[in-house]
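Counting convention: from 1, in listed order, for ligands and their atoms alike. Each residue takes its place number in the sequence, starting with 1.
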Amino acid sequence: MSTTHKQIGARTAGAVHWQRFAVPFEYPVHFTERVFDPDNPVFAETVSRLEPNRRHRCLVAVDDGLLAARPGLCDEIAAYAKAHDGTIDLVTAPIPVPGGEQIKSELYFVEQMQKTLFDHHIDRHSYVIAVGGGAMLDAVGLVAATTHRGIRHIRIPTTVLAQNDSGVGVKNGVNLRGVKNFVGAFAPPFAVINDIDFLRTLDLRDKIAGMAEAVKVALIRDGEFFVWLERQADELAVFERPAMARMIRRCAELHMHQIAHGGDPFEMGSARPLDYGHWAAHKLETLTRHHLRHGEAVAIGMALDARYSVLAGHLAEGTEERICFLLEHLGFRLWHPALGNKTTGGRHAVLVGLQEFREHLGGELTITLLSDIGIGVEVHEMDEALVLEAVSWLEARESS
Ligand SMILES: NC(=O)c1ccc[n+]([C@@H]2O[C@H](COP(=O)([O-])OP(=O)(O)OC[C@H]3O[C@@H](n4cnc5c(N)ncnc54)[C@H](O)[C@@H]3O)[C@@H](O)[C@H]2O)c1
Ligand SMILES: [Zn+2]
């Protein structure tokens, strides 16, 4: 530690002691199948990773939408715990929590979960395990991050989007006053377990929606992966398991690589390198009161920013069509009437999203555009007239 004395004339302005330390974060992301089959050791081994040979107190929250599709799941989890009794101590039967954006819309759910943790004497060495979609993982992750200043948290994502993107990352949060993720925390999980078998019961809409993040990360980081997605589009469009498994794994890897090696895992700077297509997407989610899924909104946001990239001279004309073609082939619709909404002041509502995007991050407006397939480029200004031109282009495509 160094101490600096700053002289102002003859007077000493003060002293500063620089505090500096680094804490390495690491967590495994497992890819497995039938995680709660008693013969599958992954979950039990995950729980006992740091302290084998003892029982670990576990509280499991389960997405109620998932439960509706797979009513026996709580019993499966209880049976698994019983079979691994020497390792897993379920403090209570698995607790259903609201799935989907509903759980993120009210702080009430966060408080209610914290009360449950209090009632069951969950301490910092216990585990809070969340089994479900990205929305409930975001909310339960926030609960785990903030209760006792951080409880061990294991995510078991059950949607395409949560397995290939949100569930493997470090962000948790809920919405407030209609602003996405207004209340949140960066908190890496203790472990993530991806089980592709969960996707069997997923709605068609959610299966498609989750693929948007794969197209996104391919577009900004990995041109070869984009070409692979194009070649596998027929298989992906009907959710063939080997293609889905490979898509999810590659997308998760690219996401994890960005967090570990991108230089800014907790997004202290102005850039949000993984958020291509997201500024408009976040606004569309709010404008449609979440009738659009996150991935559906991201697909539209990516198409919009691809056309904008062309109009602003960053991307070769025609590349935006190639991107739109892939997205449509996978099942996305690239237009929503909310893109035409106006505010009471007569301003195009979508443009307000630019300001909100900057405010959420703080610092300088930073938007990722494309200079080629696989290469993102950051800009700090968006020409509003060109954004509206890109919106009109999408509308014209829709009606042609
Ligand atoms: N933390 C991050 O880094 C990050 C990144 C991207 C998106 N997100 C957030 O993730 C959320 C979207 O997550 P999502 O796309 O996973 O959707 P979701 O969590 O909203 O789930 C969609 C629906 O599927 C149900 N469900 C979940 N698993 C199921 C299964 N296996 N079978 C049947 N039904 C199932 C849910 O109950 C819900 O009704 C948004 O809130 C978004 O902001 C977070
Ligand atoms: Zn996203």
When you look for heavy atoms under 4.0 Å from ligand 1, do you find them on the side chain of Leu202, its backbone, both, or neither? both
Just go through Lys180, Arg293, Glu213 and tell me whose heavy atom is the nearest to atom 43 (O) of ligand 1. Lys180
For the Zn ion (ligand 2), the closest N/O/S atom belonging to Glu213: OE2
Side chain, backbone, both or neither: which part of Leu137 has a heavy atom under 4.0 Å from ligand 1? neither
If you measure from each non-hydrogen atom of Thr158 to ligand 1, which part falls under 4.0 Å: side chain, backbone, both or neither? both
Using the ring of Phe190 (Phe, Tyr or Trp, six-membered ring only), decide whether Arg49 places NZ or CZ under 6.0 Å from its centre and within 45 degrees of its axis. yes
If you draw the axis of the six-membered ring of Phe182, does the NZ or CZ of Arg177 fall within 45° of it and under 6.0 Å from the ring centre? no
Looking at His278, the N, O or S atom sitting nearest the Zn ion (ligand 2) is NE2
Ligand 1 and Asp138, any nitrogen or oxygen pair closer than 3.5 angstrom? yes
For Glu101, atoms of ligand 1 separated by under 4.0 Å from a heavy atom: 40 (C), 41 (O)
Geometry only, no angles: is Asp63 polar-contacting ligand 1 at N/O separations under 3.5 Å? yes
Could you check whether the rings of His257 and His261 sit parallel, tilted or perpendicular, using 30° and 60° as the cut-offs? tilted
Residue list, ring pair (Phe, Tyr, Trp, His ring centres under 6.0 Å) with His278, at least two apart or on another chain: His282, His294
At what distance, to the nearest 0.5 angstrom, does OH of Tyr308 lie from CD1 of Ile367? 9.0 Å
The closest protein heavy-atom partner of atom 2 (C) of ligand 1 is Ser166 CB, 3.5 Å
Does any N, O or S atom in Asp165 come within less than 2.8 Å of the Zn ion (ligand 2)? no
Backbone or side-chain N or O of Asp203 under 3.5 Å from ligand 1 N or O: no
Is Ala135 close to ligand 1, meaning an N/O of one under 3.5 Å from an N/O of the other? yes
His294 and ligand 1 - part of the residue with a heavy-atom distance under 4.0 Å: side chain
Row check, Phe239 ring normal vs Lys207 NZ/CZ: under 6.0 Å, within 45°: yes
Under 3.5 Å between any N/O of Gly134 and any N/O of ligand 1: does that happen in this structure? yes
Looking at ligand 1, does any of its N/O atoms fall within less than 3.5 Å of an N/O of Lys104? yes
